[in-house]
2 protein chains.
Amino acid sequence: MNSPTKKTTRIQAANQQKILEAALDMFSQFGYRGTTIDQIAAKAGMSKANLLYYFRRKNDVYLAVLESILDQWLEPLARLDQDKDPEQELRAYIETKLRLSQQNPRASRLFANEIMQGAPMIQPFLSNQLKELVELKCEVIQHWIDNGKLQPVKPMHLIFMIWASTQHYADFATQIQALTTDTDDKLYKDASQTLSSIVLRGVLVD
Amino acid sequence: MNSPTKKTTRIQAANQQKILEAALDMFSQFGYRGTTIDQIAAKAGMSKANLLYYFRRKNDVYLAVLESILDQWLEPLARLDQDKDPEQELRAYIETKLRLSQQNPRASRLFANEIMQGAPMIQPFLSNQLKELVELKCEVIQHWIDNGKLQPVKPMHLIFMIWASTQHYADFATQIQALTTDTDDKLYKDASQTLSSIVLRGVLVD
DNA sequence: GTCTATAGAATGATAGAC
DNA sequence: GTCTATCATTCTATAGAC
């Protein structure tokens with residue numbers, strides 16, 4: 001690992017990281033076709049030709065960035081546990097998803113861009129891993145419903161609602177910034193409280 | 001209006017419509033930078049040069065498409081009426097927004113694309129018209145809260161939640177298609193019921 | 001590993017014939 | 001109003017010097 005001959009490997013790793021970081025910046029804002037290699041290279045502080053030494057084609061960069069975020073995408077939903085209390089579980093899920101939106105809004109936007117363009121790269125991921133996981137977690141929610149712990153709602157639409165409402169704070173950050181003067185921290189704290197409160201108890205007064 | 005000299009005007013109007021329709025198709029999927037004039041022209045059934053006779057630059061086409069959808073964007077929220085029953089009003093708002101998503105998903109995606117790219121064209125719209133309207137409607141919701149008709153939630157975050165949850169069915173249609181085999185009609189019917197039910201009463205059993 | 005140079009294709013936009 | 005031809009620019013990607 002630390003032999004002199006591997007010194008270049010560490011440089012490569014560092015440069016690849018710089019490229020992936022810059023690529024996430026550009027792809028998340030302009031999508032695949034709206035981003036140029038030049039922009040990525042400039043943001044990563046190297047020449048276009050040098051970037052192409054590390055990734056032979058633009059598509060390879062895009063795939064590498066996508067792969068680096070797909071895992072963290074599945075993980076929070078995967079944690080939903082049928083044997084725990086649904087109120088605690090849903091509250092924790094909402095909080096985790098919101099925290100992800102706050103800490104890595106670019107990943108959320110990159111994902112949204114890819115989906116809105118028809119998911120040309122991750123269609124298999126959606127139809128396989130994601131579908132499998134969602135079906136599994138719909139059963140968890142259905143189990144809570146069958147045991148009288150939750151109202152009889154359509155589980156998949158509950159999941160969609162939580163996805164949409166939490167990712168909104170990352171994907172539409174520009175719009176939200178234009179509508180409020182709240183600090184980021186207050187914004188996310190209010191979002192967490194309001195979201196959990198509405199999902200769990202609704203807005204109506206009994 | 002019907003004089004022979006205006007015959008060309010009707011042709012112009014028809015061609016402009018064809019261009020706007022094709023442009024909505026492309027811009028909503030690939031964003032501004034990801035769309036080429038060639039693609040729009042091909043989809044509109046004319047040559048690139050001919051398209052540029054009607055709109056001198058790509059940017060003019062984009063602005064025309066954006067303008068054509070901004071009104072329909074504000075209208076449903078503008079209808080929220082402080083003097084009516086909040087349950088009926090919120091239910092109607094959710095249904096209207098969902099119907100818009102179903103009937104014009106491209107408009108929703110175009111708007112989302114513009115926002116995610118930093119709203120370069122409609123920043124003034126967000127900071128002026130939209131902000132004004134949202135502040136007004138937050139007061140309506142706050143009025144309902146003050147009168148004990150709604151739980152004390154943050155009004156703006158309730159609006160964000162409804163926006164996000166309803167637009168999700170348009171913006172993330174590709175993902176949803178990959179996760180379910182429901183027909184479009186069943187999907188939106190379930191969405192409407194689940195969304196209204198959760199927003200109004202939550203998922204918890206009393 | 002990094003740079004310059006450049007091939008080759010795509011793109012936005014214009015000019016001018018019909 | 002529509003088309004062909006064309007230009008300037010930008011972009012992906014490669015070759016080769018250092």
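Chain letters run A, B, ... following the sequence lines, proteins first and then strands; every chain starts at 1. Given the structure is predicted, the values throughout are model-derived calculations rather than measurements.
Residues meeting the side-chain contact (heavy atoms from CB on, under 4.5 Å) test with Arg106(B), sequence neighbours left out: Glu21(B), Leu24(B), Asp25(B), Ser28(B), Asn104(B), Arg109(B). Annotation: side-chain contact (heavy atoms from CB on, under 4.5 Å) contacts of Asp185(B) (sequence neighbours excluded): Gln102(B), Thr183(B). Qualifying ring-ring contact (aromatic ring centres under 6.0 Å, His included) partners for Tyr54(B), counting only residues two or more places apart in sequence or in other chains: none. Legend: residues meeting side-chain contact (heavy atoms from CB on, under 4.5 Å) with Lys97(A), ordered by chain and number and at least two apart, are Trp73(A), Pro76(A), Tyr93(A), Trp163(A), Thr166(A), Gln167(A). Residues satisfying the ring-ring contact (aromatic ring centres under 6.0 Å, His included) criterion with Phe30(B), sequence neighbours excluded, are absent altogether. Residues passing the side-chain contact (heavy atoms from CB on, under 4.5 Å) test with Arg79(B), sequence neighbours excluded: Glu75(B), Thr96(B).
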Which pairs, protein N/O on one side and nucleotides 16-18 of chain D N/O on the other, fall under 3.5 Å?
none

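Phosphate proximity of dT2(C) to Ser47(A): absent, as no side-chain N or O sits under 4.0 Å from OP1 or OP2. Taking 4.0 angstrom as the limit, Asn50(B) places none of its side-chain polar atoms (N or O) nearer than this to OP1 or OP2 of dG1(D). At least one side-chain nitrogen or oxygen of Asn15(A) sits closer than 4.0 Å to the OP1 or OP2 atom of dT2(C).
Taking five base pairs at each end of the helix from dG1(C)-dC18(D) to dC18(C)-dG1(D), the local helix axes there meet at an angle of 0°, rounded to 10°.
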Show the numbers, then the answer: is there a salt bridge (charged side-chain N to carboxylate O under 4.0 Å, His left out) between Arg91(A) and Glu95(A)? CA-CA 6 Å; Arg91(A) 204 183 282 276; Glu95(A) 265 168 33; 5.8 Å; no

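Within residues 51-63 of chain B, the residues approaching DNA chain D are Tyr53(B), Tyr54(B), by heavy-atom distance under 4.0 Å. Interface residues of residues 20-39 of chain A facing DNA chain C, ordered by number: none; criterion, heavy-atom separation under 4.0 Å.
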N/O donor-acceptor pairs under 3.5 Å from side chains in residues 115-133 of chain B, not counting sequence neighbours:
residue   : atom : partner   : partner atom : Å
Ser127(B) : OG   : Gln123(B) : O            : 3.1
Asn128(B) : ND2  : Pro124(B) : O            : 3.0
Lys131(B) : NZ   : Glu135(B) : OE2          : 3.3

Side chains of residues 192-200 of chain A: which donor-acceptor partners sit under 3.5 Å, not counting sequence neighbours?
residue   : atom : partner   : partner atom : Å
Thr194(A) : OG1  : Asp190(A) : O            : 2.8
Ser196(A) : OG   : Ser192(A) : O            : 3.3

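Residues Met156(A) and Phe160(A) form a side-chain contact, since some pair of their non-hydrogen atoms from C-beta on lies under 4.5 Å apart.
In this structure, CD1 in Ile145(A) is found 8.0 Å from CG in Leu158(A), a value given to the nearest 0.5 Å. Separating the OH atom in Tyr53(B) from the CG atom in Asn50(B) is a distance of 9.0 Å, to the nearest 0.5 Å.
In this structure, Lys48(B) places its NZ atom 15 Å from P of dA15(C), rounding to the nearest Å.
In the model, Tyr62(B) has a side-chain atom that pairs as donor or acceptor with a side-chain atom of Glu114(B) under 3.5 Å.
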